[in-house]
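All values below were derived from every heavy atom in this structure, side-chain atoms included, with hydrogens, water molecules and symmetry-related copies excluded. For this chain, numbers begin at 1 and follow the sequence in order.
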Amino acid sequence: MKKIRFWLAMFAGKMSLILLKLLKRTASYTPGLLALKIYPDFLGALQMPKTVICVTGTNGKTTTSNLLADVLRDCGYTVTNNSAGSNVQAGVATALLENSYFSGKHKNELAVLEVDERSSIKVYSYINPDFLICNNIMRDSLKRNAHTDFIVHVINKSLSKNAHVIINADD
């Protein structure tokens, strides 16, 4: 049953990607959301690229991840990247879905994924990054990021012990 749900999620996600692109839409969130609605463990069923690099923090995630992805592409690597900045679970799922075959096998050798610091618990429970770049952790909104220690706890709680963490020296 899980296999059928995975294939349905993959098919629905791929079809919505095609449809949204035909409509000249960004297609950075909805395909992943649809796949996750059909199969909540969708991220865990996908094969990850050989190396996964995640970028998190309060500010600079999109710029850092896009610059890194561009540099890696210029060096000849094939890279998956959620370049539009859709950095919550559905956006990450869309980026991986778009660069996967129907079997769930990944097309590229690297992934550079921007991950919202508050969404990290939903993403890292399925994706174990090899490297985590943490730009900064700050209070940007009291309603969203109540306290920096809370955000650090959320990231630490969900992150694999095998991840190499690269922290901004100012933080």
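- Annotation: side-chain contact (heavy atoms from CB on, under 4.5 Å) contacts of Ala163 (sequence neighbours excluded): Leu159.
- With a 4.5 Å cut-off between side-chain heavy atoms of Ile, Leu, Val, Met, Phe, Trp and Tyr, the cluster of Ile38 takes in Ile4, Leu8, Leu34.
- Grouped with Leu67 in a hydrophobic cluster is no other residue, since no side-chain heavy-atom contact under 4.5 Å to another Ile, Leu, Val, Met, Phe, Trp or Tyr is found.
- Taking Gln47 as the reference, Lys105 meet the side-chain contact (heavy atoms from CB on, under 4.5 Å) condition, with sequence neighbours excluded.
- Not one N or O on the side chain of Asn136 forms a donor-acceptor pair closer than 3.5 Å with the backbone of Gly57.
- Partners of Arg5 under the salt bridge (charged side-chain N to carboxylate O under 4.0 Å, His left out) rule, at least two apart in sequence or in another chain, do not exist in this structure.
- Applying the salt bridge (charged side-chain N to carboxylate O under 4.0 Å, His left out) criterion to Asp41, with sequence neighbours excluded, gives no partner residue.
- The side chain to side chain donor-acceptor pair (under 3.5 Å) test applied to Thr64 returns Asn135, not counting sequence neighbours.
- In terms of the ring-ring contact (aromatic ring centres under 6.0 Å, His included) criterion, residue partners of Phe6 (sequence neighbours excluded) are, by chain and number, Phe42.
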Can you give me every donor-acceptor pair (side chain of residues 94-101, partner residue at least two apart or in another chain, under 3.5 Å) with its distance?
residue: Thr94; atom: OG1; partner: Tyr29; partner atom: O; Å: 3.3
residue: Thr94; atom: OG1; partner: Gly32; partner atom: N; Å: 2.7
residue: Thr94; atom: OG1; partner: Ala90; partner atom: O; Å: 2.9
residue: Glu98; atom: OE2; partner: Lys21; partner atom: NZ; Å: 2.2
residue: Asn99; atom: OD1; partner: Asn108; partner atom: ND2; Å: 3.3
residue: Asn99; atom: ND2; partner: Ala95; partner atom: O; Å: 2.9
residue: Ser100; atom: OG; partner: Leu96; partner atom: O; Å: 2.6
residue: Ser100; atom: OG; partner: His106; partner atom: ND1; Å: 3.4

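- Phe131 pairs by the ring-ring contact (aromatic ring centres under 6.0 Å, His included) definition with His164, not counting sequence neighbours.
- Shown here are the side chain to side chain donor-acceptor pair (under 3.5 Å) partners of Thr62, two or more places apart in sequence or in another chain: Glu114.
- Qualifying side-chain contact (heavy atoms from CB on, under 4.5 Å) partners for Arg73, counting only residues two or more places apart in sequence or in other chains: Ala69, Asp70, Val79, Asn81.
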